2 protein chains.
Amino acid sequence: MDRKVDTRSRILDIAEASVLDKGFEATSIEEIVAGAQISRGGFFYHFKDKNALARAMLERYIETEDLLYDDLFARARELNDDPLHCMLIGLKLLAEMLAEMPRGHPGCVIASTAYQDRLFDEGVRTLNRQAILGWRKRFRGMFEEIAKVYEPRETVNMDALGDMVSGVVEGGLVLQRALREHNNASEQIMLFRTYLKLLFAPKLS
Amino acid sequence: MDRKVDTRSRILDIAEASVLDKGFEATSIEEIVAGAQISRGGFFYHFKDKNALARAMLERYIETEDLLYDDLFARARELNDDPLHCMLIGLKLLAEMLAEMPRGHPGCVIASTAYQDRLFDEGVRTLNRQAILGWRKRFRGMFEEIAKVYEPRETVNMDALGDMVSGVVEGGLVLQRALREHNNASEQIMLFRTYLKLLFAPKLS
DNA sequence: TCCCAACTGTACCACGAGTCCAGTTGACCC
DNA sequence: GGGTCAACTGGACTCGTGGTACAGTTGGGA
């Protein structure tokens, strides 16, 4: 039984690394089995097809991403109890984290599948959707907490503002990939942070 | 000679529609030649491989996108000569345009190729990069004009702010694709517009 | 000792990209 | 009217990849 778990997660590790590097379509089963040192038959024993692999990867990725956000904002909360400052610290930590990741953060997985969605079945697409809706809910909640304390200087759609966190990260990652630069995503997050500072700044100015 | 030009752009039309709908990899040469009513041999007469097709598509796309921005902000300028208000009107027009496009705007082409870049050769990647750098320059210039008149309330990196236009559009399009909603990109642009309003607002408050 | 989950290995099919190439069509020119 | 050349057609072939099928091997636990 341990053997199975090992092999399965080894496949997922290799696949994830390769998908983040080259995209899903460009990642062949051949190279996964070579990397994981198993036979083709072994691969199909664990995953009935590439869709099943994609689903498993997304599930695992979303889980770790959620834990990462939990941890990030928990650490931020420890440093400051105020919801706005907690958010600002959390975003700073996120930006630092993004800057440290040379090949740039798994956020890609979502965009990567979104842009090739015809290759995937409904299960994968639903997972993708669920992940983004989850982040929307998370950040929307945090922004509402902030708005209770600091009245926003302009009225904004809170769902859209929640989405903006994901959107800015994803957009930043697209820029980063296309430009072959390394800190665009983190810069974009810092700009978004400035946005929040301005939006929720006390009215005295 | 006319025949050649016709066929070539017919191929590009069909390919572009299909790529925007399904992604590059999922678009087969088979279906392109079927749509364009030519033979496989005919396709390879015009494009030596799929990379050549991608390059031609990107070139054409970037050109029309640039013209679109030219037109958009020219119209905005006609309505208001002030650089900030011109920008705000232009973004509003952009948001409206994005909202009207059901399947969501060709911005995809850039992200789509960015996320499958191993499938493409250096020529395609360079084009991609050039496009984003072009937009950076364009918007950076506009923001600097604004900053001459309205001192920004927070110091921001102007290159990054320029990138943010592209980034917010691309990120919005990713959300839109993944969520299967239709107005995320336009909402995100409107939020970015609010950002600019706050950033360049006169200090009196 | 036997059993079963976790594999290996091989043979096989479908499909799409890309090559090669011989032949056809039609516009334009002498 | 005949020649030329660019713009094709059509078919045969290779190769890589996803996916199926299935028979056989291995190793740890009851």
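Computed from a prediction, not measured in an experiment: that's the story for all the values here. Lettering follows sequence order; numbering is per chain, from 1.
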Roughly how many Å is it from [atom1] in [X] to [atom2] in [N], rounded to a whole number?
X: B:Arg8; N: D:dA6; atom1: CZ; atom2: P; value: 17 Å
X: A:His46; N: C:dC7; atom1: NE2; atom2: C1'; value: 7 Å
X: A:Phe44; N: D:dT17; atom1: CZ; atom2: P; value: 13 Å
X: B:Phe47; N: D:dA7; atom1: CZ; atom2: C1'; value: 14 Å
X: B:Asp49; N: D:dC15; atom1: CG; atom2: C1'; value: 15 Å
X: A:Lys48; N: D:dG18; atom1: NZ; atom2: C1'; value: 12 Å
X: A:Leu119; N: D:dG19; atom1: CG; atom2: P; value: 10 Å
X: B:Lys50; N: C:dG16; atom1: NZ; atom2: P; value: 10 Å

- [ ] For the side chain of A:Thr7, starting at C-beta, report the closest nucleotide among D:dG19, C:dC7, C:dG18.
- [x]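 Shortest atom-to-atom distance from the side chain points to C:dC7.
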
Open item on the list: Could you go through A:Tyr61 and A:Asp66, starting from their C-alpha distance and side-chain angles, then the distance that decides it, and tell me whether this counts as side chain to side chain donor-acceptor pair (under 3.5 Å)?
Closed with: CA-CA 9 Å; A:Tyr61 163 68; A:Asp66 275 332; over 6 Å; no

Task: A:Asn184 and its side chain to side chain donor-acceptor pair (under 3.5 Å) partner, picked from A:Glu181, A:Glu187, A:His182, A:Gln188 - done: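 By the side chain to side chain donor-acceptor pair (under 3.5 Å) criterion, A:Asn184 pairs with just one of A:Glu181, A:Glu187, A:His182, A:Gln188: A:Glu181.
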
Kindly give the atom pairs (protein nitrogen or oxygen, nucleotide nitrogen or oxygen) under 3.5 Å for nucleotides 8-14 of chain C.
| unit_1 | atom_1 | unit_2 | atom_2 | d |
| --- | --- | --- | --- | --- |
| C:dT8 | OP2 | A:Ser39 | N | 2.8 |
| C:dT8 | OP2 | A:Ser39 | OG | 2.5 |
| C:dT8 | O5' | A:Ser39 | OG | 3.3 |

Task: Ion pair check, A:Arg60 and A:Asp13, cut-off under 4.0 Å - done: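 Result for this pair is yes, salt bridge flagged.
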
Task: From A:Arg55 atom CZ to A:Thr126 atom OG1, the distance as rounded to the nearest 0.5 Å - done: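 That separation rounds to 10.0 Å.
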
Task: Aromatic ring pairing B:Phe143/B:Phe192, orientation class (parallel under 30°, perpendicular over 60°, tilted between) - done: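 Rings of B:Phe143 and B:Phe192: perpendicular, over 60°.
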
Open item on the list: For a salt bridge (Lys or Arg N to Asp or Glu O under 4.0 Å) check, start with the C-alpha distance between A:Asp163 and A:Arg140, then their side-chain angles and the critical distance, and finish with the verdict.
Closed with: CA-CA 8 Å; A:Asp163 282 346; A:Arg140 185 204 154 95; over 6 Å; no

TODO: Under 4.0 Å from any atom of DNA chain C, heavy atoms only: list the residues of residues 24-31 of chain B that qualify, in numerical order.
DONE: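 Output list: B:Thr27, B:Ser28, B:Ile29, B:Glu30.
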
TODO: Would you indicate whether A:Glu63, at its atom CD, is surrounded by more than 12 heavy atoms from other residues, nucleotides or ligands within a distance under 6.0 Å?
DONE: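 No, CD of A:Glu63 has 12 or fewer neighbouring heavy atoms, counting only those of other groups under 6.0 Å.
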
TODO: For A:Phe139, check ring-ring contact (aromatic ring centres under 6.0 Å, His included) against everything at least two apart and list the hits.
DONE: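 With neighbours one apart ignored, the set is A:Tyr69, A:Phe73.
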
TODO: Let me see the working for B:Lys22 and B:Glu31 under salt bridge (Lys or Arg N to Asp or Glu O under 4.0 Å), right down to the final yes or no.
DONE: CA-CA 12 Å; B:Lys22 317 193 292 188; B:Glu31 77 177 276; 2.7 Å; yes

